[in-house]
Amino acid sequence: MTDVIGFIGLGNMGGRMTRRIVDGGVEVLGFDMQRAAVEAAGAKPLGSAAEVAGASDVVFLSLPDSKVVEKVVLEDESFIPALREGSVVVDLSTAAPASTKRISARLAEHGVAYLDAGISGGAAAAEKGALTLMVGGDAAALERVQPVLAHFATNVFLMGDSGAGHSTKLLNNFLNAISLAATAEVMVAAKKAGLDLATVLDVLNSSSGVNFATLNRFPKIITGDYLKGGLTNALMMKDVVLYVDHLHELGVASLNSAGPLASFGLAQSLGYGQEISNTVVDAIGDVSGRVRLHEPESTPRHEGQKP
């Protein structure tokens with residue numbers, strides 16, 4: 001018998017993943033605080049997260065952070081009792097591993113498997129079905145949900161027990177934050193130095209400074225395309241803070257966190273919090289003499305138009 005699929009949290013990423021599942025011919029039961037988001041993703045709207053839990057065999061969560069996950073799973077007294085024994089909950093959120101382990105233990109008491117599945121690749125990869133997943137939890141539960149994951153992910157790695165997926169996700173996101181913030185700073189400096197930015201990127205991508213941002217982000221940004229639809233500055237800041245907290249729990253010195261904390265903190269303070277994290281380059285540009293990597297050609301003035 002085919003599992004019934006439910007999805008809770010159909011926002012920027014959840015909606016795209018749900019659309020991939022639906023377009024693959026699988027019906028999805030969905031709940032989001034914005035009902036229109038459920039309908040836009042092609043899912044069948046239900047009235048609450050608990051309703052989705054009670055009607056589904058596999059429940060996906062795509063929520064902002066551990067506080068929201070806990071609010072849905074633990075604080076809603078109707079959610080856990082609604083879950084079917086033998087069902088699987090797959091948490092695609094970026095969450096604190098310690099919280100993940102607590103939730104997993106709680107659900108296990110009710111015969112429910114909990115997989116923490118950190119995602120990487122962003123909105124573009126979600127639309128193409130080319131995400132990478134890093135998963136923590138039971139191998140048999142992962143094998144069971146693999147056919148559904150295949151609709152939106154091309155790489156799925158089992159990292160270990162509960163919490164291992166979210167731990168790996170935080171490590172990856174920190175390196176993403178480092179490369180984006182550092183490359184933004186370098187590109188603002190290149191602009192002020194009067195260098196050709198496309199050629200600078202060609203050099204970096206042929207040299208030891210190459211990284212995801214130089215390869216995939218800045219070739220677009222220097223043309224004015226900020227690749228909107230991805231992780232915001234506020235969410236990037238949240239992820240870096242989660243990383244620092246996690247390293248504190250592990251007893252590891254976080255010696256390199258000051259840079260991205262300062263960069264994305266600056267972006268938030270200057271009003272870019274809800275903009276895609278690529279706009280961190282504009283925040284750095286703002287405090288460096290109002291620098292913009294891309295300067296659109298001015299529209300020719302008509303005769304009599306004020307300058």
Side-chain angles (χ1 to χ4, degrees), residues 94 118-126 128 130-132 134 154-155 157 167-244 246-247 252-270 272 275-296:
T94 301
I119 60 177
S120 181
K128 296 176 183 176
L131 291 169
T132 292
M134 47 217 84
T154 54
N155 299 298
F157 299 95
S167 180
T168 307
K169 167 67 170 173
L170 293 181
L171 303 183
N172 176 78
N173 273 25
F174 178 67
L175 290 179
N176 179 36
I178 284 274
S179 65
L180 176 54
T183 304
E185 183 177 303
V186 163
M187 295 304 289
V188 169
K191 179 74 172 183
K192 292 201 76 172
L195 302 176
D196 180 79
L197 299 185
T199 305
V200 168
L201 287 173
D202 287 341
V203 170
L204 295 175
N205 289 331
S206 301
S207 306
S208 56
V210 63
N211 61 68
F212 187 87
T214 63
L215 286 169
N216 299 288
R217 300 183 190 277
F218 281 89
K220 294 287 189 180
I221 293 171
I222 64 172
T223 70
D225 180 2
Y226 286 78
L227 302 167
K228 292 184 178 181
L231 199 67
T232 65
N233 286 296
L235 289 175
M236 186 73 87
M237 184 69 167
K238 179 265 298 182
D239 288 357
V240 177
V241 171
L242 281 174
Y243 167 84
V244 173
H246 188 40
L247 261 62
V252 176
S254 180
L255 305 177
N256 295 287
S257 59
L261 285 173
S263 297
F264 296 105
L266 173 70
Q268 281 193 277
S269 69
L270 294 180
Y272 296 96
E275 299 292 329
I276 188 171
S277 55
N278 293 335
T279 58
V280 68
V281 69
D282 287 350
I284 294 172
D286 285 349
V287 296
S288 302
R290 192 64 186 176
V291 176
R292 288 293 181 271
L293 301 189
H294 176 68
E295 297 174 356

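On a predicted model such as this, the values are computed, not experimentally measured, just so you know.
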- Task: Kindly give the heavy-atom pair with the smallest separation between Gly209 and Asn211, and that separation in Å.
- Result: O-ND2, 3.2 Å
- With distance as the sole criterion, is a donor-acceptor pair present between the side chains of Ser167 and His246 under 3.5 Å? yes
- Query: Does a side-chain heavy-atom distance below 4.5 Å link Leu204 with Leu215?
  - Reply: no
- Task: May I ask you to decide whether Arg217 forms a salt bridge with Asp225, counting only side-chain N to carboxylate O separations under 4.0 Å?
- Result: no
- Any Leu231 side-chain heavy atom under 4.5 Å of Ile276 side chain: no
- Got a second to check how far Arg292's CZ is from Lys191's NZ, nearest 0.5 Å? 11.0 Å
- Item | Rounded distance (nearest 0.5 Å) linking atom OG1 of Thr279 with atom CD1 of Ile284 | 10.0 Å
- Query: Would a distance-only check, ignoring hydrogens and angles, find a side-chain to backbone donor-acceptor pair under 3.5 Å from Lys192 to Ser288?
  - Reply: yes
- Note on the structure: Interatomic distance, OG1@Thr214 vs CG@Asn205, rounded to 0.5 Å, equals 4.0 Å
- Side chains of Tyr272 and Asp282: closer than 4.5 Å at any heavy-atom pair? yes
- Task: Give the intermediate values and the outcome of side chain to side chain contact (heavy atoms under 4.5 Å, CB included) for residues Leu171 and Tyr243.
- Result: CA-CA 7 Å; Leu171 303 183; Tyr243 167 84; 3.8 Å; yes
- Item | For Ser263 against Val280, the heavy-atom pair lying closest together | O-CG2, 3.6 Å
- Task: Locate the shortest heavy-atom distance separating Ser179 from Asn176; write the atom from each residue and the value.
- Result: OG-O, 3.0 Å
- 4.5 Å side-chain heavy-atom contact, Thr232 and Met237: no
- Using the side chain to side chain contact (heavy atoms under 4.5 Å, CB included) rule, take Thr183 and Val281 through it: C-alpha gap first, then chi angles, then the decisive distance, then the call. CA-CA 8 Å; Thr183 304; Val281 69; over 6 Å; no
- Take Val200 and Met187 through the side chain to side chain contact (heavy atoms under 4.5 Å, CB included) test and state the conclusion after the steps. CA-CA 8 Å; Val200 168; Met187 295 304 289; 4.1 Å; yes
- Query: Looking only at heavy atoms, which two atoms of Ala181 and Pro260 are closest? And how far apart?
  - Reply: CB-CA, 4.4 Å
- Less than 4.5 Å apart, any side-chain heavy atom of Leu180 and any of Phe218? yes
- State, with a plain yes or no, whether a side-chain heavy atom of Thr154 is found less than 4.5 Å away from one of Leu131. no
- Over all atoms of both residues, closest heavy-atom pair of Ala283 and Leu266: O-CD2, 3.6 Å
- Query: If you round to the nearest 0.5 Å, how far is OG1 of Thr132 from NZ of Lys169?
  - Reply: 10.0 Å
- Task: Give a yes-or-no answer on whether the side chains of Ser277 and Asn233 include a donor-acceptor pair shorter than 3.5 Å.
- Result: no
- Task: Mind running side chain to side chain contact (heavy atoms under 4.5 Å, CB included) on Leu293 and Ile221 for me, showing each step along the way?
- Result: CA-CA 8 Å; Leu293 301 189; Ile221 293 171; 4.1 Å; yes
- Message: So does Val203 get a backbone contact from the side chain of Ser206, meaning a donor-acceptor N/O pair under 3.5 Å?
- Response: no
- Are any of the side-chain heavy atoms of Asn278 and Lys228 separated by less than 4.5 Å? no
- Message: Is any side-chain heavy atom of Phe212 closer than 4.5 Å to one of Leu175?
- Response: no
- Message: For Val244 versus Ser257, what's the shortest heavy-atom pair and its separation?
- Response: CG2-CB, 3.7 Å
- What distance do Asp202 atom CG and Leu197 atom CG have between them, rounded to the nearest 0.5 Å? 11.0 Å
- Message: Distance check, rounded to the nearest 0.5 Å: Leu261 atom CG versus Asn256 atom CG?
- Response: 11.0 Å
